Amino acid sequence: MNLYKSFSVFAVALCISSVLISTTCPAIADSALQSGVNLSVPVNNNEWKNDLRSKFLNNESVIMEINIRSFNALDVDGDGFINEALGEERGTFINAVNRLDELKNLGVNTLHVLPITPVGKLKALGTAGSLYAAAGFDSLNSDLMDSNAKLTLEEQAKFFIDEAHKRNIRIIVDVPACASYDLYLQRPDLFVSNPSGEPVIPSDWTDVRLLATGDENKIDSNVYSLYKDFVKLMMGLGVDGIRADVAHCKTMLFWKELIAYSRQKDPEFLWLAESSEIWHDAISPQAVFTPYDKLLEAGFDGYYGSFFSLKDWENSKELYKNFSGNFTDLKRFNEKKSLIGSFTTHDEVSPILLKGSQLSDMIIWLSATLPLNSYFVDGFQTGDDYTYRKGNKLAPVSNTDDDIYFTHNGKIDIFNFSRKPGGDNINLRNDFLLANDVKKSLLPVLNSGTFTPLKTGNQKVFAYTFVHNKKRVITIGNLDFNNSAKATVRIPKYSQRYNILPIKISNMPEIRKDKVSLNLAPGEIVVLIVHELL
């Protein structure tokens with residue numbers, strides 16, 4: 001019991017320190033932005049050496065998805081969008097640097113940067129155009145340039161990447177799966193046509209057209225050259241890896257050759273596939289479909305899984321099936337593979353809108369207690385609901401042929417020059433920091449242990465454990481976000497030599513012999529460390 005008390009004091013101390021960080025970081029960043037003075041940059045005398053692939057395969061990555069276009073934007077009137085005529089500022093590579101310390105202090109060590117390629121302006125969605133409507137693959141989006149900086153656009157991008165590296169933050173850049181109507185008009189030879197000779201619109205993505213990538217016998221050399229140019233550009237800037245948008249719409253052969261090309265230059269260059277084991281359909285009848293396991297065989301280091309289905313799971317059996325299935329599948333490959341905790345992405349509605357902050361908190365601690373790479377969207381850490389006051393209303397000005405602030409309600413905006421993501425939930429921010437720190441100490445247990453479901457006596461309550469040597473972690477959660485739940489969890493092979501240390505808990509559980517009994521609040525998640533005394 002003394003150990004329990006001492007650990008509780010330690011946990012409280014961590015929480016207090018995280019509150020201090022939570023309250024000071026935003027103020028410093030805002031002050032720096034308004035004054036035009038950059039935050040102090042950590043000294044790093046060593047040349048950066050990419051280690052992202054190794055970190056990822058060891059489940060050490062804590063990834064934050066960011067949109068440079070809004071990452072550190074300044075929205076003065078609070079309408080959700082940037083009007084530079086009012087003195088407001090869009091996000092750029094230069095002002096993005098002022099938020100890097102904030103993320104580093106929260107435990108983030110990798111950024112997934114949404115597409116930075118030029119954006120199409122014709123048949124567009126939103127007043128700036130979708131980030132995924134690529135108008136080219138061998139240059140950068142000029143919208144991300146600070147016109148006051150005495151650097152070229154590429155130099156500004158490299159400056160941002162170098163500053164991230166100085167803070168030990170790695171960079172993954174997104175490559176779009178399709179291309180804009182603008183590029184189709186310039187290079188129709190790059191695209192698939194329907195029987196009527198018109199370019200194919202994949203799925204319901206009206207602002208893009210389907211690229212022709214060939215088949216498993218022959219790659220379309222023109223499209224392959226586009227992507228090879230993109231890889232060259234990214235590696236030249238110092239990027240550490242690539243996330244492939246809708247990776248299944250290109251063949252295994254296409255990816256195998258492209259990944260091999262990058263690995264010749266940098267064996268640590270990471271490839272992350274947007275793919276899931278539950279996706280089985282092509283984005284168009286004219287498109288190819290390559291399942292996730294074939295993408296991994298082609299050389300991808302990881303994929304998304306289907307953790308985004310968490311919001312729909314109604315009982316513990318669904319959760320167990322998903323988790324154990326993903327972790328078992330990874331062991332089938334000759335080369336080591338991993339995946340991200342894709343509980344929430346830019347394609348998902350904010351957890352706050354779906355089931356309140358309890359779902360966000362559950363995502364934080366699931367990410368910390370599973371053998372995967374933690375993954376979050378900018379704004380998640382403080383409870384952003386991604387609502388924009390003038391969303392889907394007429395805009396006073398537009399950079400495209402769309403004069404509407406087109407947005408997907410509840411999802412981070414990728415169509416306009418929009419506000420900086422954020423929120424005011426300090427409790428989430430504190431848990432985010434604490435969980436990222438806790439995971440570092442749990443990784444040996446998670447990586448070497450085996451996912452083992454535990455009986456709870458309640459189908460709405462899940463419990464699982466990982467065990468390694470004399471240490472185990474137990475995670476217990478209530479999938480009912482409306483009602484409290486009681487559960488009793490038996491600790492396997494328990495003896496008096498064990499100590500139970502709560503990491504994440506709201507009320508003291510009842511502990512008798514080898515059983516832990518809890519009253520869980522709606523959506524509550526509990527994390528316990530069980531350690532055998534020497």
Side-chain angles (χ1 to χ4, degrees), residues 49-61 63 110 112 170 172 175 177 213-219 224 227-228 231 234-235 239-280 288-307 320-342 367 370-375 442-452 466-469:
K49 186 175 181 180
N50 186 11
D51 62 355
L52 178 56
R53 191 181 180 200
S54 294
K55 293 284 187 185
F56 184 89
L57 294 176
N58 198 45
N59 299 315
E60 295 179 56
S61 298
I63 305 170
T110 307
H112 165 203
R170 297 142 190 89
I172 301 170
V175 60
T213 55
D215 55 35
E216 291 296 354
N217 296 313
K218 185 179 180 181
I219 296 172
Y224 179 80
Y227 279 72
K228 189 175 180 180
V231 173
M234 292 303 107
M235 297 187 83
V239 166
D240 305 296
I242 285 174
R243 179 264 195 189
D245 174 48
V246 197
H248 57 73
C249 74
K250 292 177 179 60
T251 65
M252 181 178 175
L253 181 62
F254 184 97
W255 290 123
K256 187 174 182 179
E257 291 205 12
L258 192 61
I259 292 171
Y261 165 76
S262 70
R263 293 275 163 75
Q264 290 172 358
K265 294 177 174 293
D266 181 3
E268 280 288 319
F269 199 75
L270 177 81
W271 284 85
L272 172 62
E274 187 197 13
S275 182
S276 169
E277 76 281 0
I278 65 172
W279 293 345
H280 305 290
V288 300
F289 178 82
T290 305
Y292 81 104
D293 54 340
K294 294 300 181 183
L295 293 172
L296 293 176
E297 287 180 22
F300 278 98
D301 300 295
Y303 69 111
Y304 271 41
S306 55
F307 302 118
Y320 298 150
K321 181 180 178 181
N322 181 283
F323 287 2
S324 58
N326 275 285
F327 300 141
T328 300
D329 279 352
L330 289 175
K331 297 176 182 178
R332 296 192 292 112
F333 299 93
N334 294 328
E335 288 188 322
K336 193 174 182 180
K337 305 291 181 182
S338 189
L339 70 170
I340 63 168
S342 56
S367 300
L370 290 170
L372 45 70
N373 293 277
S374 303
Y375 185 92
L442 295 182
L443 267 178
V445 180
L446 301 177
N447 286 339
S448 299
T450 300
F451 175 79
T452 305
F466 287 87
V467 183
H468 178 57
N469 290 336

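Start at 1 with the first residue, then count along the sequence. Heavy-atom basis, side chains included; hydrogens, waters and symmetry copies ignored. These numbers come from a predicted model, not from an experiment.
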Practice task
Take D301 and R263 through the test salt bridge (Lys or Arg N to Asp or Glu O under 4.0 Å) and record every step on the way to the result.
Solution key: CA-CA 12 Å; D301 300 295; R263 293 275 163 75; 2.6 Å; yes

I want to check something: taking the side chain as every heavy atom from C-beta on, are [X] and [Y] in contact at a cut-off of under 4.5 Å?
X: F466; Y: L370; result: yes
X: F56; Y: T110; result: no
X: T213; Y: Y224; result: no
X: T450; Y: F327; result: no
X: D293; Y: E277; result: no
X: N59; Y: L446; result: no

Might you point out which heavy atoms bring [X] and [Y] nearest each other, and give the distance in Å?
X: S324; Y: Y320; answer: OG-O, 2.6 Å
X: L253; Y: K218; answer: CD2-N, 4.2 Å
X: W271; Y: F269; answer: NE1-CD2, 3.5 Å
X: D245; Y: A177; answer: OD2-N, 2.9 Å
X: G214; Y: T251; answer: O-CG2, 3.6 Å
X: S367; Y: S374; answer: O-OG, 3.4 Å

Exercise for the section: Evaluate side chain to side chain contact (heavy atoms under 4.5 Å, CB included) for T452 paired with V467, printing each intermediate quantity in order. Expected result: CA-CA 9 Å; T452 305; V467 183; over 6 Å; no

Distance, nearest 0.5 Å, that separates [atom1] of [X] from [atom2] of [Y]:
X: L339; Y: S275; atom1: CG; atom2: OG; value: 11.0 Å
X: N447; Y: L57; atom1: CG; atom2: CG; value: 10.5 Å
X: N326; Y: S306; atom1: CG; atom2: OG; value: 5.5 Å
X: M252; Y: E216; atom1: CE; atom2: CD; value: 7.0 Å
X: L270; Y: N50; atom1: CG; atom2: CG; value: 8.5 Å
X: R170; Y: R53; atom1: CZ; atom2: CZ; value: 15.5 Å

Handout entry: F254/Y227 aromatic ring centres below 6.0 Å
Key =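 Aromatic pair counts; centres sit under 6.0 Å.
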
Check: [Y] main-chain N/O paired with [X] side-chain donor or acceptor under 3.5 Å:
X: K265; Y: M235; value: no
X: T290; Y: K250; value: yes
X: S61; Y: I63; value: no
X: T328; Y: G325; value: no
X: D240; Y: I172; value: no
X: D215; Y: N217; value: yes

So [X] and [Y], would you call those rings parallel, tilted or perpendicular, with 30° and 60° as cut-offs?
X: F323; Y: F307; result: perpendicular
X: Y303; Y: Y292; result: tilted
X: W255; Y: F300; result: perpendicular

